[in-house]
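Let me begin by presenting the structure, written as structure tokens, before commenting on it.
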Amino acid sequence: MAPAGCCLLLVLLIAAGGRAAANSAAAVATTNKKPQQLVQSTCNSTTYYDVCVAALAADPSISTAADVRGLCAIAVSAAATNASAAGASLLASAAAYQSQPQAPLLRACAARYADARQALISAQEAIKEEAYDYAFVHVSAAAQYPTMCRALFRRASSQQRAYPSDLAKREEGLRRLCTVVLDIISLLLLPY
């Protein structure tokens, strides 16, 4: 009788261990789904769903985002990275065209993207302090700084300096990211 009792006990322990492992796996799956569900529900409320999902999914810290505020911080970081990359690219282009008349325009545009990045850093601080109205103002400003590049090129157009298509794409990319951030901030401003 003792061997049969031991076998029964062993079977019960294995079954219980299997259930515990299954419960643990289900908990991990639920935990992994929660950020995905949060991203989807948040991005569904934005103007550019695909831009929102791509920006958030590209950040490894997405798995630890517990709420919309965390997603907002990640989106602002993505926009700041975009502005920084655009500014660096423009400075490199200005250096390559150093002796040509468009070099000063490219340097001026790089400065506008640096201003956009700084505005986004200010927005990050405002979000940390839950000062969403200030964050909204900073992100709005960040979206507008690159448009000054277009105006600079337009003024110089009498000298046959067309607005570069890659610069137009960068401007549009940052504008869309900022629009996503503004949409997410608007969610944070809604009363519960």
Side-chain angles (χ1 to χ4, degrees), residues 24-93 109-149 164-192:
S24 177
V28 169
T30 302
T31 302
N32 288 339
K33 280 186 180 178
K34 186 176 181 188
Q36 291 172 352
Q37 291 170 345
L38 181 61
V39 167
Q40 287 177 348
S41 65
T42 301
C43 290
N44 276 333
S45 300
T46 66
T47 306
Y48 301 107
Y49 176 84
D50 292 340
V51 172
C52 179
V53 170
L56 296 175
D59 193 309
S61 66
I62 192 68
S63 63
T64 61
D67 55 15
V68 175
R69 182 175 153 205
L71 295 182
C72 189
I74 292 169
V76 172
S77 179
T81 299
N82 178 287
S84 185
S89 175
L90 286 165
L91 283 176
S93 294
C109 286
R112 297 301 69 81
Y113 279 90
D115 292 339
R117 180 180 176 277
Q118 188 57 48
L120 290 163
I121 290 170
S122 295
Q124 285 175 322
E125 292 302 315
I127 290 166
K128 285 179 190 172
E129 296 169 6
E130 297 183 24
Y132 303 126
D133 50 346
Y134 289 115
F136 196 95
V137 170
H138 291 302
V139 175
S140 296
Q144 291 303 310
Y145 280 119
T147 63
M148 297 168 97
C149 294
S165 61
D166 61 324
L167 194 50
K169 288 177 187 173
R170 288 185 179 279
E171 178 184 330
E172 180 64 13
L174 182 59
R175 186 189 66 75
R176 285 178 180 229
L177 279 169
C178 288
T179 299
V180 165
V181 174
L182 292 171
D183 291 342
I184 296 172
I185 292 172
S186 294
L187 293 174
L188 293 170
L189 289 169
L190 292 174
Y192 290 99

### Query
Are the charged groups of Glu172 and Arg175 less than 4.0 angstrom apart, N to O?
yes
### Task
Please round to the nearest 0.5 Å and tell me the distance separating atom CG of Leu174 and atom CD of Gln144.
10.0 Å
#### Entry: Closest heavy-atom pair and its distance - Ala75, Leu56
N-CD2, 3.9 Å
### Task
Specify the closest pair of heavy atoms between Ile74 and Ala55, including all atoms of both residues, with the distance to one decimal.
CG2-O, 4.4 Å
### Query
So do the side chains of Cys72 and Ile185 get within less than 4.5 Å of each other, counting heavy atoms only?
yes
#### Entry: Candidate pair Leu182 and Ser140, rule side chain to side chain contact (heavy atoms under 4.5 Å, CB included), full reasoning
CA-CA 7 Å; Leu182 292 171; Ser140 296; 3.7 Å; yes
### Message
Just so I know, are the side chains of Leu177 and Val180 near enough to count as touching, which here means a heavy-atom distance under 4.5 Å?
### Response
no
### Message
Testing the basics here: between Cys178 and Ala143, what is the closest heavy-atom pair and its distance to 0.1 Å?
### Response
CB-CB, 3.6 Å
### Query
Is the backbone N or O of Val39 less than 3.5 Å from a side-chain atom of Thr42, with the two atoms forming a donor-acceptor pair by type?
no
### Query
If you take all heavy atoms of Gln124 and Ala73, which pair is closest and at what distance?
NE2-O, 4.3 Å
#### Entry: Stepwise side chain to side chain contact (heavy atoms under 4.5 Å, CB included) check, Thr46 with Thr179
CA-CA 8 Å; Thr46 66; Thr179 299; over 6 Å; no
### Message
Check Asp115 with Arg112, please: is the shortest side-chain N to carboxylate O separation under 4.0 Å?
### Response
yes
### Query
Is a donor on one side and an acceptor on the other found under 3.5 Å between the side chain of Asn44 and the backbone of Gln40?
yes
### Message
In the structure I gave you, are the side-chain heavy atoms of Leu71 and Ile62 within less than 4.5 Å of one another anywhere?
### Response
yes
### Query
Take atom OH in Tyr134; do more than 12 heavy atoms of anything else shown fall under 6.0 Å from it?
no
### Query
With distance as the sole test, does Ser84 use its side chain to make a donor-acceptor pair with the main-chain N or O of Ala80 at under 3.5 Å?
no
#### Entry: Closest approach of Leu38 to Ala65 (non-hydrogen atoms, all atoms of both residues)
CD2-O, 4.0 Å
### Message
Are Tyr113 and Arg170 packed together at the side-chain level, in the sense that at least one heavy-atom pair is separated by less than 4.5 angstrom?
### Response
yes
